[in-house]
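Order of appearance sets the numbers: ligands from 1, and atoms from 1 within every ligand.
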Amino acid sequence: MHLNILPTTSDAIAACTAHLAQQLTSKPNSILGLATGGTMEPVYADLVAQHKQGKISFAASTTFNLDEYIGISANDPQSYASYMAHHLFDHIDILPEAHFLPDGANTDSAFAAQRYETLIEAKGPIDLQLLGLGPNGHIGFNEPGSDFASATRPVDLTASTIAVNARFFEPAEFQPHRAITMGIGTILRARSVALLAIGAAKAEAARAMIEGPTSQACPASALHTHEDVHIFLDADAASLLTAKPTETRNLA
Ligand code: F6R
């Protein structure tokens with residue numbers, strides 16, 4: 001695990017964005033695994049800005065998102081497909097047929113999940129998988145207790161994840177409680193992984209991921225079993241680590 005602790009939130013976002021841009025520059029036809037959520041909004045804004053400045057192109061890349069809600073259509077404004085269009089795909093030069101998300105609208109979500117796993121296997125491996133971190137240690141929507149070998153599958157979100165994500169929904173709006181997520185096993189098959197966590201709300205999960213036992217209780221601790229993982233934290237997310245506030249460490 002390569003641990004990068006940056007002094008400010010914007011430094012952590014910039015470091016993670018630079019890592020992604022470097023991947024695209026060194027391999028323009030990279031297969032990228034992408035995440036959604038509040039953490040990634042400034043990352044995608046930075047990537048869009050770099051694209052508009054002519055520094056990076058997505059024209060030869062392929063992307064696979066980690067997850068999608070079950071029970072809403074792709075064109076619902078709350079779908080992760082809409083999130084990706086709004087924050088990234090509508091503003092870059094990626095081909096429309098080169099970005100993929102699970103099909104959360106399919107009434108047979110187990111079938112849709114398996115089809116997504118098969119597609120990743122056929123087109124993959126993913127070169128770089130981008131991850132956020134849930135306050136409960138989830139990666140994708142692999143909630144605590146998820147098997148480290150799990151494949152893409154339909155899952156029930158925990159009450160805490162539903163509560164944390166309620167901020168993205170209006171009070172009377174339908175909030176999905178289920179999702180299709182890449183499994184931990186799917187994520188671990190990526191050639192490399194970059195995880196970004198910012199803010200004090202992620203401090204306990206970051207501590208458990210980095211310094212706690214490798215255990216299903218913290219899904220992100222599975223990343224200890226992968227040989228090329230880059231973690232980007234701001235000082236608040238790193239505040240419960242025994243490490244000094246600003247440093248780069250390599251952990252076995
Ligand atoms: C999103 C995803 C989730 C989020 C995590 C953090 O596709 O898979 O694991 O990365 O819940 O979300 P934010 O960034 O909103 O704190």
Side-chain angles (χ1 to χ4, degrees), residues 9-10 12-13 16-17 20 32-47 63-70 72 74 78-89 99-104 113 116 120 126 128-146 150-169 175-188 190 193-206 208-209 218-223 229-234 236-238:
T9 302
S10 52
I13 291 161
C16 183
T17 308
L20 284 164
L32 301 175
L34 299 178
T36 57
T39 311
M40 297 306 156
E41 291 181 17
V43 170
Y44 295 143
D46 264 20
L47 289 175
T63 67
F64 285 95
N65 265 77
L66 279 167
D67 38 28
E68 178 59 282
Y69 285 125
I70 290 175
I72 54 178
Q78 288 290 7
S79 74
Y80 284 159
S82 294
Y83 170 108
M84 291 307 300
H86 179 70
H87 291 289
L88 187 66
F89 298 149
H99 51 80
F100 300 94
L101 287 97
D103 179 7
Y116 196 64
I120 296 171
I126 288 172
L128 176 58
Q129 176 66 55
L130 178 62
L131 298 175
L133 179 65
N136 65 356
H138 74 209
I139 48 175
F141 277 133
N142 294 283
E143 302 283 32
S146 297
S150 52
T152 303
R153 67 202 186 289
V155 292
D156 295 323
L157 306 183
T158 61
S160 71
T161 294
I162 293 165
V164 167
N165 283 352
R167 71 191 192 281
F168 296 117
F169 293 83
Q175 182 183 356
H177 290 185
R178 302 189 74 221
I180 294 175
T181 182
M182 280 190 203
I184 297 180
T186 322
I187 291 168
L188 293 175
V193 175
L195 182 147
L196 173 64
I198 53 180
K202 304 295 173 68
E204 176 50 36
M209 167 178 70
C218 177
S221 69
L223 299 176
V229 174
H230 301 259
I231 310 272
F232 299 90
L233 304 178
D234 67 358
D236 285 342

If we only consider heavy atoms of Arg167, is any one of them less than 4.0 Å away from an atom in ligand 1? yes
Pro135 versus Glu204: any side-chain heavy-atom pair under 4.5 Å? no
Closest non-hydrogen protein atom to atom 16 (O) of ligand 1, residue and atom name please, with distance? Lys202 NZ, 2.7 Å
Any side-chain to backbone donor/acceptor pair from Thr181 onto Asp67? Under 3.5 Å, distance only. no
Check whether any side-chain heavy atom of Val164 lies under 4.5 Å from a side-chain heavy atom of Asn136, and answer yes or no. no
Look at the aromatic rings of Phe64 and Phe100 and report parallel, tilted or perpendicular, splitting at 30° and 60°. parallel
At a 4.0 Å threshold, what atoms of ligand 1 neighbour a non-hydrogen atom of Leu66? 8 (O)
Write out the residue and atom name of the closest protein heavy atom to atom 5 (C) of ligand 1, then the distance separating them to 0.1 Å. His138 NE2, 3.4 Å
In the protein, which heavy atom is nearest to atom 8 (O) of ligand 1, and how far is it? Asp67 OD2, 2.5 Å
Any idea which protein heavy atom is nearest atom 1 (C) of ligand 1, and the distance to it? Thr36 OG1, 3.1 Å
Quick one: which ligand 1 atoms are inside 4.0 Å of a heavy atom on Gly37? 14 (O), 15 (O)
Describe, in one word, how the ring planes of Tyr83 and His87 are oriented to each other, choosing from parallel (under 30°), tilted (30 to 60°) and perpendicular (over 60°). tilted
Between Gln175 and Asn165, is there a side-chain donor-acceptor contact under 3.5 Å, judged purely by atom types and distance? no
Are Met40 and ligand 1 in contact, using a heavy-atom cut-off of under 4.0 Å? no
Can you check which of Gly134, Gly137, Gly140 brings a heavy atom nearest to atom 3 (C) of ligand 1? Gly140
Heavy atom of the protein closest to atom 6 (C) of ligand 1 (residue, atom name, distance): Leu133 O, 3.5 Å
Protein contact of atom 14 (O) of ligand 1 - nearest heavy atom, named by residue and atom, plus distance: Thr39 OG1, 2.4 Å
One pair to check against side chain to side chain contact (heavy atoms under 4.5 Å, CB included): Leu66 and Tyr80. What are the steps and the verdict? CA-CA 10 Å; Leu66 279 167; Tyr80 284 159; over 6 Å; no
Side chains of Ser146 and Arg153: any donor to acceptor distance under 3.5 Å? yes
Please list the nearest protein heavy atom to atom 10 (O) of ligand 1 with its residue and the distance rounded to 0.1 Å. Gly132 CA, 3.3 Å
